[in-house]
Amino acid sequence: MNSPWKGKAKATNQDYDDLRPTITYRHLLSNNLGVRDPLRVVALCDSDAFYAACERIRLELDPSVPIVVQQWESLIAVSYPAREFGISRMDKIKDAKKKCPNLLAVHVATYKEGEKEPGYWTDIDTRTHKVSLDLYRRESNKIISMFKEALPTGEVEKASIDEAFIDFTRPVREQLLERYPYIAQVPVDAPNGIDSPLPPPPPIKWDDLGTVILPEEIDSAGEQSNIEVDGDATWHDVALSIAAELMRKIREDIHSKLGYTTSAGIARNKFLAKLCASYKKPNSQTILRNRAIPDYLHPLPFQKIRFLGGKLGDALAKEYDVSTVGDLLTVSLDEIQSKFGENALWVYEFLRGIDRTEVKEKSALFKSMLASKNLPKPIIQPSDGHQWIRILAAELALRLNDARVSMPTLWPKSIVLHARKGYETSRSKQATFPFVRNVTVDVIATAADKLWKDLTDDAKTVNITSVQLAFTGLEKTEMGQKSIEGFFTTRDVQQTSLKRSREDDEPLVSPEKTLPTSSYVEAVSFKCTRCRKTIALREDQATGGPNEVAQRLATLRSEHGDFHFAQDLAHSTDGSVPVPRGSSSKRKKVESEGIAKFFIKK
DNA sequence: GTGGATGAG
DNA sequence: CGCTCATCCAC
């Protein structure tokens, strides 16, 4: 009999009574057990000192160089070689350099007023620049793609810019059946048919699969090699070992192809995978077997558990005046429920190594997209807001169009501008985002400028200390196949003139006083019959001779038609980014600068 | 629709 | 630590 830990025998043993479930042929052969699958295996894989690694690779440096990434005066990433010098994220750049004179400090890329794309400038100033995490997002996506490619039947959930959960249950199941064909069929003489338990599992070779966490009594008996002669292994352990094997291969692949080292945790569910991923870093992986769970969790400060790191964890600690998981095991579910209501059940289960949350790819990847900037020097003149808006707009344009490479039909329902005035809480304004094909800086900035006007109203002076610009309601727009016809009838669309009744949604550039002077303003937009949006020329395109403007408007209409075509095409085929037809060639380069650029990236 | 709270890193 | 980003929910 294993006594999981000393001192607290009986009552808590039951807390972990699901660690060795009997596994039957039904479990193995049925396909949709989901989170209750006794052979479930989940991994959390995260990149080591990710931002630092991105910069190191961008600069083609040796992995051994001590490098940190700085954001203004503080550090946001410290490479492992730099940590050897005792540098931590809390340090100021100066202290870090004191600890390591050879330290390479790279400032994150920034958007700079007047520049369309983020870059690495020499004159970085928090008053005029805004940090860009773009490089890291792109690199992150590469890694995620490799997970998905390697595991066509696995589920991959991006958890943050440098972490992903991977559900290995299916890939492992496939391997189990392939490697051990004798369990793929219920034996004729099985006593309970498909509900008979599986035969004893094969011996497991844990060598090279990572660090295997062991229960205390085995662990203290020393000799990791003991586990190889462990007669107590289960089929779940086999499953873990296969996942570890797959995980290791993928990690090696990522390392050789992209250069990043990663650390992974492999266990029966998400929270345990996440927990043991940090057991040993960098460039390593850790496996938590079910039988080791009680000993592993018992002494653990529960505030290290995902979602218990904040107020909830504090409240728990305070309420019961305790700090470890073991301490909390004596608290009944009812008791927790009476004080923590909603959260009680999952807290209770987490403490017992249970986590029923699924690994699920986020369908939209995200529901909103936000770019923000705290202003060291507050905006006083409302007119000074525009420069920041353009910078935020540039970031959003880049990110949205980037996301569209893999998701061409991604569309934001609305755009929101937040501004905080001094100490006051922030105020916001939002509007429906216009349905234009090319989401350029200008399109976004124009929409945002309007919101800005609403927010600052007509105040002569303001005191704005923070600005945030966001897309919300980001979704894949679904469109019918027949709408391709819509493209071919674009001519009709073009004929459609501005004289429409009344609009229920705001046009991007409404003919009103927000726009300066130009007498053409009212003639520089059209309303598409298809999407019922008003599409307008940029302000700077709306100037010049009437013929010129008319020409540009025609181009715009054509592009808009292209947009519908592209959307439809993307929807009806494989999702690859379609090339707009016969457009740009005959187009003058007058205005394409900010346009083509964004649609087809690179 | 707006703003606050929470949490991750 | 200060900053950046995302989600959820009450009003």
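In what follows, chains are A, B, ... by sequence order, proteins preceding strands, each numbered from 1.
- When the P atom of C:dT7 is taken as reference, atom CD of A:Gln468 falls 14 Å away, rounded to whole Å.
- Considering only side-chain N and O atoms, A:Asn374 lies under 4.0 angstrom from the phosphate OP1 or OP2 of C:dT4.
- Heavy atoms of A:Ser414 sit nowhere under 4.0 angstrom from any nucleic acid atom.
- Computed from coordinates, the A:Ile161 CD1 to C:dT7 C1' distance equals 17 Å when rounded to whole Å.
- Between A:Arg89 and C:dG2 there is no side-chain N or O to OP1 or OP2 distance below 4.0 Å.
- If you check every strand for non-hydrogen atoms under 4.0 Å, A:Lys92 touches nothing.
- Within the 4.5 Å cutoff, no side-chain heavy atoms of A:Lys304 are placed close to those of A:Val325.
- For the OP1/OP2 pair of C:dA6 and a distance below 4.0 Å, the side-chain nitrogens and oxygens of A:Ser160 include no atom meeting the criterion.
- Contact of the A:Lys99 side chain with the A:Asp91 side chain is registered, since non-hydrogen atoms from C-beta on lie closer than 4.5 Å.
- A:Trp452 is listed as a side-chain neighbour of A:Ile379, based on a closest heavy-atom distance under 4.5 Å.
- A:Asp134 and A:Arg138 are joined by a salt bridge, as a carboxylate oxygen and a charged side-chain nitrogen come within less than 4.0 angstrom of each other.
- Counting to the nearest Å, the C1' atom of C:dA6 and the OH atom of A:Tyr136 are 19 Å from each other.
- The CZ-C1' distance, from A:Arg137 to C:dC5, rounds to 8 Å in whole Å.
- Residue contacts for A:Gln71: at a heavy-atom cut-off of 4.0 Å it reaches the sugar-phosphate backbone alone, with no base atom in range.
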task: Could you walk me through whether A:Thr128 and A:Lys377 pass side chain to side chain donor-acceptor pair (under 3.5 Å), step by step?
output: CA-CA 10 Å; A:Thr128 52; A:Lys377 178 168 162 278; over 6 Å; no
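- Nucleic acid contact class of A:Ser74 (heavy atoms, under 4.0 Å, all strands): none.
- Residue A:Lys413 is classed as having no contact, given no heavy-atom separation below 4.0 Å to the nucleic acid.
- Spacing between atom CD of A:Glu395 and atom C1' of C:dA6 amounts to 14 Å, rounded to whole angstrom units.
- If you take CZ of A:Phe307 and C1' of C:dT7, they are 11 Å apart, rounded to a whole angstrom.
- For residues 379-401 of chain A, the set of pairs meeting the salt bridge (Lys or Arg N to Asp or Glu O under 4.0 Å) definition, not counting sequence neighbours, comprises A:Lys130-A:Glu395, A:Arg137-A:Glu395, A:Arg390-A:Asp442, A:Glu395-A:Arg399.
- Applying the ring-ring contact (aromatic ring centres under 6.0 Å, His included) criterion to A:Tyr136, with sequence neighbours excluded, gives A:Tyr51.
- Of the candidate nucleotides C:dA6, C:dC1, C:dT4, C:dT4 has the atom lying nearest to any side-chain atom of A:Leu133.
- The side chain of A:Arg399 sits closest to C:dA6 out of C:dT4, C:dA6, C:dC8.
- Contact footprint of chain A on DNA chain B: nucleotides with an atom under 4.0 Å from a non-hydrogen protein atom, first to last in 5' to 3' order, B:dG1 to B:dG9.
- Look at CG on A:Leu375: it is 14 Å from C1' on C:dT4, rounded to the nearest Å.
- Between A:Leu474 atom CG and C:dT7 atom C1' there is a gap of 13 Å when expressed in whole angstrom units.
- Contact annotation: A:Lys373 side-chain N/O to C:dC3 OP1/OP2 distance is not under 4.0 Å.
- The shortest distance between side-chain heavy atoms of A:Glu361 and A:Lys158 does not fall below 4.5 Å.
- Within 4.0 Å (heavy atoms only), A:Glu73 reaches no atom of the nucleic acid at all.
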